[in-house]
Amino acid sequence: MNNKSAILTSIESVVKLYKGLNFEFNEVSDSYADAVMTIKCDNAVWNFDAGIKSTINPSVIGQFLQKLPLYKNPPVLITSYVNSKMAEELRSRNINFIDTAGNAFVYSPPLVIDIQGNKPIQKEQQVNRMYRSSGLKIIFTLLCNPGLENVDYRTLSKMSNVALGSVGWVMRDLKQNGYLKESGKKGYRLVNKEDLLQQWVSNYHNQLRPKITLGRYSSIKENWINSLEINETMLWGSEYAAKIITNYLRPEQYTMYIHELKTEFLIKNRLHKSPDGNIEILNKFWTFDNEWTNQHVVPPLLIYADLIISKLDRNIETAKMIYDKELIGVIKQD
DNA sequence: GCATGTGTTAGGTGCCGGAA
DNA sequence: TTCCGGCACCTAACACATGC
């Protein structure tokens with residue numbers, strides 16, 4: 001049983017406790033929904049397109065919002081646990097959800113379900129190493145460099161900037177989770193990349209991004225962006241990178257990925273720490289170059305992830321453009 | 001048989017969260 | 001605030017495979 005089926009099985013036993021309502025779940029293999037949830041009450045019937053997620057965080061919400069136009073029925077998020085803060089945010093955005101702890105918000109008048117305050121019944125499952133920071137660095141390298149799954153571990157460790165010892169553990173997890181399949185003479189092949197990409201985006205926000213964030217800055221220079229001294233270790237991410245590759249977005253936030261942030265760089269560009277600044281600097285965690293490096297732009301996967309996390313409509317729209325233009329071709333090569 | 005390349009793993013280190 | 005234990009990650013050594 002995969003993770004989604006396990007969550008669905010738990011949900012089925014939870015919703016039996018909702019008196020007067022009959023729930024049915026039918027798994028589907030659409031590009032947007034994982035299942036169709038049907039609620040019956042007296043003679044009334046409601047259908048919902050369900051997205052099943054192992055966790056809920058801002059990036060998952062972003063991905064969910066990106067797919068909204070595709071849903072045929074009102075959508076509902078099904079997950080293991082939604083904490084009270086996240087539940088409040090989902091309610092405020094009118095996003096339906098049900099979790100395995102028994103919390104739910106389903107608003108489709110006259111049907112209204114709003115159950116709060118239930119705590120998770122079991123401790124979170126042991127997290128795979130592949131979704132820890134070192135694992136996420138390796139997966140990022142693999143997703144950005146198709147065919148790299150058969151290079152030796154030392155090369156992969158250098159490109160991903162993780163220790164050699166970690167590579168073996170992560171590759172083992174990728175095999176165990178069905179993302180790395182033996183393919184005869186060709187060695188191993190990365191499969192199910194679309195799911196892996198979405199998992200990467202979700203976990204990047206929680207696990208890796210906080211560790212590589214160096215801080216927020218503002219510049220005291222007017223028109224600083226035009227006089228910025230760019231060096232070879234600095235790449236644009238998020239909104240400004242999206243502007244460069246799509247020419248669609250007008251950036252309000254500026255995200256830089258820098259290999260080693262040096263004081264001279266800050267002094268030259270007159271950047272100073274500011275919690276509300278519109279310049280965010282993060283550590284560039286990978287060492288490989290690709291076609292985007294010359295344009296001082298991070299790989300599209302990272303731009304996509306940062307835009308999705310922002311949860312802003314225009315950014316999500318741009319993320320979808322980048323997904324369709326730059327990512328779908330790579331992940332469909334199974 | 002030796003050199004080199006590769007994957008595995010034991011032990012050390014540092015970080016983080018919870019308890020006092 | 002400090003201490004402590006658990007955990008993730010890294011280093012370095014080891015074993016094995018391969019090619020000359």
Side-chain angles (χ1 to χ4, degrees), chain A residues 3 54-60 79-87 99 101 117-192 196-216 233 257-262 273 275 280-288 298-299 301-302 305 309:
Chain A
N3 199 26
S54 49
T55 53
I56 293 289
N57 57 39
S59 66
V60 170
T79 186
S80 50
Y81 178 61
V82 178
N83 64 34
S84 55
K85 196 176 161 198
M86 195 57 76
D99 73 16
N118 287 314
K119 299 291 174 200
I121 28 183
Q122 57 186 23
K123 275 202 103 178
E124 249 183 82
Q125 285 181 329
Q126 200 188 348
V127 180
N128 280 324
R129 275 183 194 241
M130 56 185 274
Y131 296 132
R132 298 284 183 192
S133 55
S134 59
L136 292 166
K137 289 178 185 178
I138 292 167
I139 293 171
F140 177 74
T141 303
L142 291 173
L143 286 173
C144 291
N145 298 276
L148 203 71
E149 48 270 30
N150 287 305
V151 297
D152 63 89
Y153 284 12
R154 279 171 175 79
T155 305
L156 194 50
S157 85
K158 276 182 198 151
M159 290 176 75
S160 311
N161 211 8
V162 300
L164 175 65
S166 301
V167 177
W169 288 107
V170 173
M171 296 301 267
R172 214 165 302 161
D173 278 352
L174 282 168
K175 287 171 197 166
Q176 279 174 5
N177 286 281
Y179 293 113
L180 208 50
K181 288 261 161 78
E182 254 191 299
S183 179
K185 287 181 181 173
K186 289 181 183 171
Y188 283 95
R189 202 161 53 92
L190 202 62
V191 295
N192 204 5
L196 185 62
L197 183 147
Q198 300 301 349
Q199 291 288 344
W200 185 86
V201 172
S202 302
N203 289 284
Y204 167 69
H205 174 72
N206 287 337
Q207 297 288 333
L208 182 53
R209 206 175 198 277
K211 289 183 183 167
I212 59 167
T213 302
L214 300 172
R216 282 199 165 272
T233 68
Y257 286 82
I258 297 181
H259 177 53
E260 271 180 48
L261 180 58
K262 294 189 173 149
K273 274 245 180 194
E280 189 181 25
I281 301 183
L282 299 100
N283 195 9
K284 179 175 170 277
F285 59 86
W286 64 100
T287 65
F288 62 85
V298 303
L301 171 57
L302 193 51
I309 286 163

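Proteins come first, then strands; the chains are lettered A, B, ... in the order of their sequence lines, and each starts at number 1.
- Taking atom NZ of A:Lys175 as the reference point, atom C1' of B:dG7 lies 10 Å away to the nearest angstrom.
- Per the geometry, CG belonging to A:Leu208 stands 13 Å off C1' belonging to C:dC9, to the nearest Å.
- For the pair A:Leu142 and A:Leu174, the tightest heavy-atom approach, listed with the atom from each and the gap, is CD1-CD1, 3.8 Å.
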Using distance only, find each side-chain donor-acceptor pair of residues 153-161 of chain A under 3.5 Å and give its atom names and separation, not counting sequence neighbours.
| from | atom 1 | to | atom 2 | distance (Å) |
| --- | --- | --- | --- | --- |
| A:Thr155 | OG1 | A:Asp152 | OD1 | 3.2 |
| A:Thr155 | OG1 | A:Asp152 | OD2 | 2.8 |
| A:Ser157 | OG | A:Arg154 | O | 3.0 |
| A:Ser160 | OG | A:Thr141 | OG1 | 3.0 |
| A:Ser160 | OG | A:Leu156 | O | 2.7 |

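- One interatomic measurement links the two molecules: CG of A:Leu156 to P of B:dT8, which rounds to 13 Å at whole-angstrom precision.
- Separating the CZ atom of A:Phe285 from the P atom of C:dA8 is a distance of 20 Å, rounded to the nearest angstrom.
- Rounded to whole Å, the distance from CZ on A:Arg132 to P on B:dC16 is 13 Å.
- We find that CE of A:Met130 is positioned 13 Å from P of C:dC9, with the value rounded to whole Å.
- In this structure, CZ on A:Arg132 lies 12.5 Å from OG on A:Ser166, to the nearest 0.5 angstrom.
- Taking a cutoff of 4.0 Å between a charged side-chain nitrogen and a carboxylate oxygen, A:Glu149 and A:Lys175 do not qualify as a salt bridge.
- Atom OH of A:Tyr153 is separated from atom C1' of B:dT4 by 19 Å (rounded to the nearest Å).
- Summarising the geometry, the separation between NZ on A:Lys211 and P on B:dG14 is reported as 16 Å, rounded to the nearest angstrom.
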Sugar-phosphate means primed atoms, P, OP1 and OP2; the rest is base. With that split, encode nucleotides 10-20 of chain C 5' to 3' as B, S or - using protein heavy atoms under 4.0 Å. BB---------
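- For the atom pair CD1 (A:Ile281) and CZ (A:Arg216), the distance works out to 10.5 Å, reported to the nearest 0.5 Å.
- In this structure, A:Phe140 has its ring center at least 6.0 angstrom away from the ring center of A:Tyr204.
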